[in-house]
Amino acid sequence: MRLPCLFAAMFALAACHDQANGGGAGVRDQITAVGSSTVYPFTTIIAERFVAADPDAKAPVIESTGTGAGMKLFCAGIGAGHPDIENASRRMKAGEYRECAAHGAKALLEVQIGIDGIAFAESKRGPRMALTTADIYRALAARPGGRVNGARTWRDVNPALPAIPIQVYGPPATSGTRDALAELIMTRGCDAVEPGAAALARRDAEAHHRTCTRIREDGAYIDAGENDNLIVQKLQSNPNAIGIFGYSYLEENRHIVDGVAINGVMPSYQAIAEDRYPGSRPLYVYVKKAHLDAIPGLRQFLILYADNWGQNGPLVRRGLIASTAAAQARARAIITRETVLDPATLPS
């Protein structure tokens with residue numbers, strides 16, 4: 001009586017394993033990751049340490065695609081033809097999870113690896129800007145006050161600012177950094193200056209989002225792609241411009257660029273860790289549970305991440321802001337217990 005049940009269980013297990021390891025696209029024995037350009041350097045460091053610990057291991061393939069574009073690749077399915085890891089500079093959205101689930105990737109691990117800040121920066125030859133979230137909203141919003149944005153110089157935005165053209169190099173719409181810019185900076189500025197914005201947020205969150213976060217498209221904001229190093233180069237050649245990227249790139253290029261204060265707070269490790277800097281945000285990696293058994297070394301890769309994200313670790317030396325001890329403990333527990341993400345907690 002038990003034999004058919006045993007065979008059925010064995011068949012189901014084999015099918016599940018084959019689906020994760022093959023997925024109709026052959027077999028893969030190396031880890032693959034896509035997603036955020038901000039998280040990319042941290043995952044790359046872990047990949048280097050992964051290979052150093054096991055010279056026989058194949059080097060993981062890490063691609064910088066941007067969080068949004070990475071989610072599309074990550075959620076397209078399970079198996080060898082689809083990435084194991086999604087690097088994300090924001091939380092997964094409920095709609096993205098539904099896309100994952102529709103393609104068989106329901107069981108996901110959500111691991112916070114640390115904290116980052118959306119840094120505003122300028123050339124060391126720049127005008128020494130200091131901005132508020134209201135200044136940034138008035139400079140970059142498509143329709144501040146319900147009218148097409150006509151501000152051409154920073155002085156048009158705020159009489160205390162210099163009369164130089166508004167030129168901001170930033171991430172594309174597919175980037176998690178762009179999403180964080182909208183939610184952490186633009187929305188705060190909008191709520192500060194637009195009458196009725198806060199009430200609109202309570203009444204119609206989607207309308208509030210459209211009103212407050214749409215970026216102008218007349219050349220004042222310049223989409224610089226997913227290459228944050230390119231933005232640093234642009235600031236060198238255009239000292240009156242401002243760049244937006246993850247804090248780690250500011251830290252790495254302190255000899256070339258300076259941070260820009262927002263609301264009187266300079267982007268620094270301490271300010272971001274204490275959530276005093278307006279652009280503070282958590283960083284994540286998402287992992288398919290079905291791939292943990294199928295892809296050699298994937299579990300060890302995640303454990304290696306946890307072993308290196310502490311305050312004195314190599315990721316912090318590269319520019320990551322360490323999470324609190326409690327957040328680190330929660331993230332490590334998710335890895336060791338392989339706790340699956342509850343989609344009910346995700347933002348819309």
Side-chain angles (χ1 to χ4, degrees), residues 117-173 175 177-178 180-197 210-225 227-247 249-251 253-268 271-272 276-279:
I118 307 165
F120 283 65
E122 64 180 356
S123 165
K124 286 190 172 293
R125 296 179 289 121
R128 298 293 184 266
M129 297 283 277
L131 302 171
T132 66
T133 52
D135 294 333
I136 295 166
Y137 170 75
R138 289 189 177 111
L140 299 183
R143 297 181 63 86
R147 297 180 296 275
V148 173
N149 198 331
R152 293 291 173 261
T153 72
W154 287 102
R155 184 164 293 173
D156 295 336
V157 168
N158 182 340
L161 296 175
I164 57 176
I166 299 169
Q167 291 181 298
V168 178
Y169 294 103
S175 170
T177 300
R178 174 76 166 263
L181 167 66
E183 299 301 328
L184 300 177
I185 305 295
M186 297 289 288
T187 297
R188 290 183 188 182
C190 177
D191 289 345
V193 303
E194 297 285 10
R210 288 195 305 270
T211 299
C212 292
T213 64
R214 185 181 164 200
I215 301 288
R216 62 194 296 183
E217 299 177 349
D218 59 357
Y221 182 92
I222 304 154
D223 180 339
N227 187 343
D228 291 342
N229 285 315
L230 179 61
I231 298 179
V232 174
Q233 294 169 20
K234 294 285 189 182
L235 297 182
Q236 286 182 277
S237 60
N238 186 358
N240 283 334
I242 286 177
I244 304 172
F245 38 64
Y247 171 77
Y249 285 88
L250 172 61
E251 192 63 31
N253 293 283
R254 288 281 188 186
H255 60 295
I256 300 173
V257 296
D258 289 324
V260 172
I262 302 178
N263 293 352
V265 181
M266 289 292 289
S268 69
I272 294 168
R276 291 186 290 110
Y277 182 69

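Computation of the quantities below employed the complete heavy-atom set of this structure, encompassing side-chain atoms and omitting hydrogens, waters and symmetry-equivalent molecules.
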[X]: which residues meet the side chain to side chain contact (heavy atoms under 4.5 Å, CB included) condition with it, sequence neighbours left out?
| X | value |
| --- | --- |
| A141 | Y137, P144, M186 |
| A134 | T132, R138, V193 |
| T133 | I185, R188, I262, N263, P278 |

Worksheet item: Should the pair R128-D258 be classified as a salt bridge under the 4.0 Å nitrogen-to-oxygen rule?
Response: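 Salt bridge between R128 and D258, a charged N being under 4.0 Å from a carboxylate O: yes.
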Measure from the side-chain N and O atoms of [X] to the backbone N and O of [Y], and report whether any donor-acceptor pair falls under 3.5 Å.
| X | Y | result |
| --- | --- | --- |
| K124 | Q236 | no |
| Y277 | I118 | yes |
| N253 | I256 | no |
| R155 | L161 | yes |

Results of salt bridge (charged side-chain N to carboxylate O under 4.0 Å, His left out) for [X] - residues two or more places apart only:
| X | answer |
| --- | --- |
| K234 | none |
| D218 | R152, R216 |
| R143 | none |

How long is the gap from [atom1] on [X] to [atom2] on [Y], to the nearest 0.5 Å?
| X | Y | atom1 | atom2 | value |
| --- | --- | --- | --- | --- |
| L250 | S268 | CG | OG | 9.5 Å |
| D135 | L140 | CG | CG | 10.5 Å |
| I222 | Y169 | CD1 | OH | 4.5 Å |
| N240 | I166 | CG | CD1 | 12.5 Å |
| R125 | N238 | CZ | CG | 9.0 Å |
| D228 | S175 | CG | OG | 7.0 Å |

Mind checking whether [X] and [Y] have side chains closer than 4.5 Å, heavy atoms only?
| X | Y | result |
| --- | --- | --- |
| F245 | T177 | no |
| Y249 | I231 | no |
| E122 | P127 | yes |
| I242 | W154 | yes |

I need the minimum non-hydrogen distance between [X] and [Y], along with the two atoms involved.
| X | Y | answer |
| --- | --- | --- |
| L235 | G243 | CD2-N, 3.5 Å |
| P267 | G259 | CG-CA, 3.9 Å |
| E183 | T187 | O-CB, 3.5 Å |
| D191 | A197 | OD1-CB, 3.5 Å |
| R178 | A173 | NH1-N, 3.4 Å |

